[in-house]
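Report on one structure; see the data block that follows.
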Number of protein chains: 4
Amino acid sequence: MSRGNTRQRIQDVALELFSERGYEKTSLREIAEHLGVTKAALYYHFKTKEDIVISLFEDLSRPCDELIAWAREQQPGLETRLEVLRRYSEVLHDAHRLHRFMQENQATMRELSIGESFKERLVELLDIVRLPGADLSDQVRCSAALFTMHAGMFTLQGIEGSQEDKRRAVLEVAQDLLTTAHGRNGERTDAAAAGEPG
Amino acid sequence: MSRGNTRQRIQDVALELFSERGYEKTSLREIAEHLGVTKAALYYHFKTKEDIVISLFEDLSRPCDELIAWAREQQPGLETRLEVLRRYSEVLHDAHRLHRFMQENQATMRELSIGESFKERLVELLDIVRLPGADLSDQVRCSAALFTMHAGMFTLQGIEGSQEDKRRAVLEVAQDLLTTAHGRNGERTDAAAAGEPG
Amino acid sequence: MSRGNTRQRIQDVALELFSERGYEKTSLREIAEHLGVTKAALYYHFKTKEDIVISLFEDLSRPCDELIAWAREQQPGLETRLEVLRRYSEVLHDAHRLHRFMQENQATMRELSIGESFKERLVELLDIVRLPGADLSDQVRCSAALFTMHAGMFTLQGIEGSQEDKRRAVLEVAQDLLTTAHGRNGERTDAAAAGEPG
Amino acid sequence: MSRGNTRQRIQDVALELFSERGYEKTSLREIAEHLGVTKAALYYHFKTKEDIVISLFEDLSRPCDELIAWAREQQPGLETRLEVLRRYSEVLHDAHRLHRFMQENQATMRELSIGESFKERLVELLDIVRLPGADLSDQVRCSAALFTMHAGMFTLQGIEGSQEDKRRAVLEVAQDLLTTAHGRNGERTDAAAAGEPG
DNA sequence: CATGAATGAGCATTCATTCAT
DNA sequence: TATGAATGAATGCTCATTCAT
């Protein structure tokens, strides 16, 4: 029956269950039963339960890292930031199940090794998107741009519209928030951030 | 030693630990040890572990219910909605620990009876704040207004400013989002929501 | 049925099984079953499996420490050493089950925290009993005096004679070994050990 | 890479680990990893884990059997016994790793089939060396002669001197013990042991 | 108001072993 | 000769919960 794809199947089922019922409440027994194998089989493919989660996050980590690297190479400015949001929107969308898992298991994430490493990525993104010298409210706008996208997909559950339409709407609002913040602080702060003299 | 306030102390410690390390990862043994009592003592005051959580949520539920009831009595309109946001901001702030717990244990909340009942309240708030007929992007703005406040306090951790200043900045952004959405859709949709003919 | 003595009963059964079938081969399930309680009950009384062993060793550690302390206060010399052997013989005899456990689970002992701490005691006893400057063969005699007693009780299994008679016979041989070693090296080495000038 | 010597390498690593960390605590996975092969490879060469141990003991069993056979052919008497000790000293020394394993895993040995069969050999050696009708204390001397050699190598760890010097010192003491026992009981008991009438 | 003692169910993990390839 | 994939049974341990005192 299964042929070489068991590892993949474990990841699929694990992600399904982790995001559905939470990491702690999902036991390896459950995962194994869903797959029709023994718990021990899981251990042939992954060294620990946490390892399964880590392997899942590789899908999300790589594109994030690439996005951060790309952003670091660009001129800081509104253009770049808007593009970062656009790309991040896609990254989140591609890994929406995992993203939901993250979103709903924050307390757990904090204890997982991968949690820390992922939080760092988030902080970097925030750093890229934020306007350091700006008003508190504009800083909130920048953060909100990011977190609106995080919360976005689950926020609109009761509303009609295709998944893709929703994504675009969320992105629009996020970009709007950023643009607003920029409109009031942009030039000043970017110059400061770039370390340039007046 | 302490007299009669044990129930209160249990709630304090439980909330502390639940919000710090997550609901599932916090065992009754830990709570008991922090308090210097036996696990059995907890069972004198609460019937189950879940009961402790439920009792914690009463602090947050009552003000929410009152807020919802109050909003239902008002004329729908921007004024009312802005005031709802303002009041909700305070409610969240007063219960910020619990709120953090909610925020970080969403997966767990879904399995807890209180989770459902709290989600309903949220849906009601969303319903009050939202503009049903509006563009998707404006609906996102309305949701984002609410969720920005949810994420707000933890979003701004790395930034200087007093807790109260941050709260106000977050509120300002949330109200802004709502106002923007209104500006474009307001009159039409409110009439519709009120079920009134043109 | 059991009343307050469960902890004691656990220790008894554990020692029985540990010394009979070895530490690793004895599972907590077995111990629990022998007692007619659940595994979890064991954990009420002891924090870990290793903790059970540690508690068992307290019976042996205290008299050993006392013996060492006493010996350190005496004048080094044959008299003292013979008396150390005599007392040690009794200590071992009183804890013969535990002693057998130690004897037969040396590999395990090495991994147990208590193992190290017990080995140190042994080294101290050896140090007390040994003649540092003597011939190799006399040093062997001193060590053998101690280890003969260790091996003694199990060495004589096939032989008729009461337990007490055997103990005394073993002690006699051990003391003999020590006396022989002394006869040839005694005065010289004791002076040296005591750090006295000629 | 290696050709045909895998079986040998398994034995080497197994003995290394068994004697270092104990039989039960050493898993086949560990052995396999140390060798850079799969667990399954071990099963190509040995039917069970116990089989590995058995194969190891063949190195020790053959010389022991030969020693016993030789001794049975000799005239019982001090001469023979001293020679038995001398030869046994060499046998133990040649297989000192295995011997250490035996020494430190007695509890385990008792459960292994090879354990019983090895114990029988020991009993035979004891029988050869012992003086049946003698005082208890002299019987202890005979046993102690054997067991001093068993414990010997590990007894002298803290002491300076070459491995070979120590072996000879231990042998000397063992032979001394036997000679002492003989001196007092020799003639009588040997005649009895040989089943001869006065 | 609280404890001491215990339970039953469950968990993550490990192990020796098997077998088709 | 060996491996890749899996199993079944067990292990040490933790948890929420109960109840007589």
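Keep in mind that the numbers below use all heavy atoms, side chains included, and drop hydrogens, waters and symmetry copies. Chain letters run A, B, ... following the sequence lines, proteins first and then strands; every chain starts at 1.
Look at A:H45 and you won't find any side-chain N or O under 4.0 angstrom from OP1 or OP2 of F:dG4. At F:dA5, none of the side-chain N or O atoms of A:T6 fall inside 4.0 Å of OP1 or OP2 (strictly under the cut-off). Look at B:Y43 and you'll find a side-chain N or O under 4.0 angstrom from OP1 or OP2 of F:dT17.
Atom-to-atom, OH of B:Y23 to P of F:dC15 comes out at 13 Å; the value is rounded to the nearest Å. Residue C:I10 contributes atom CD1, which lies 11 Å from atom C1' of E:dA5 at whole-angstrom precision. Atom-to-atom, CG of C:D51 to P of F:dG12 comes out at 14 Å; the value is rounded to the nearest Å. Note: CG (A:L17) to P (E:dA12) measures 12 Å, nearest angstrom. In this structure, B:L35 atom CG and E:dC1 atom C1' are separated by 14 Å, rounded to whole Å. Whole-Å rounding puts the A:F46 CZ to E:dT14 P distance at 15 Å. Put simply, CZ on C:R21 is 13 Å from P on F:dA10, counting in whole angstrom units. Atom CZ in D:F18 sits about 12 Å away from atom P in E:dC15, given to the nearest Å.
Interatomic distance, CE of A:M109 versus CZ of A:F118, reported as 7.0 Å (0.5 Å rounding). The CD1 atom of D:I31 sits 9.5 Å away from atom CZ of D:F46, with the distance rounded to the nearest 0.5 Å. Summarising the geometry, atom CD1 belonging to B:I52 is positioned 8.5 Å from atom CD belonging to B:Q11; distances are rounded to the nearest 0.5 Å.
Remark: F:dT21 base-pairs with E:dA2; criterion is Watson-Crick or G-U wobble with both hydrogen-bond distances under 3.5 Å. For F:dC13, the paired base is E:dG10 (Watson-Crick or G-U wobble, both distances below 3.5 Å).
Using a cutoff of 4.0 Å between basic side-chain nitrogens and carboxylate oxygens, C:R21 and C:E30 are scored as salt-bridged. Using a 4.0 Å cut-off between charged nitrogen and carboxylate oxygen, B:E33 and B:K39 do not count as a salt-bridge pair. Salt-bridge annotation for A:R62 and A:E58: absent, with no side-chain N of the basic residue lying under 4.0 Å from a carboxylate O of the acidic one.
Of the two residues near DNA chain E, C:R7 and A:T48, the one whose nearest nucleotide lies more 5' is C:R7.
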N/O contacts under 3.5 Å, protein versus nucleotides 7-11 of chain E?
residue: E:dT7; atom: OP2; partner: C:T38; partner atom: N; Å: 2.9
residue: E:dT7; atom: OP2; partner: C:T38; partner atom: OG1; Å: 2.4
residue: E:dT7; atom: O5'; partner: C:T38; partner atom: OG1; Å: 3.0
residue: E:dC11; atom: OP1; partner: A:S27; partner atom: OG; Å: 3.0
residue: E:dC11; atom: OP2; partner: A:R29; partner atom: NE; Å: 3.0
residue: E:dC11; atom: OP2; partner: A:R29; partner atom: NH2; Å: 3.3

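Annotation: cation-pi geometry not satisfied between C:K49 and C:F18 (NZ/CZ under 6.0 angstrom from ring centroid, within 45° of ring axis).
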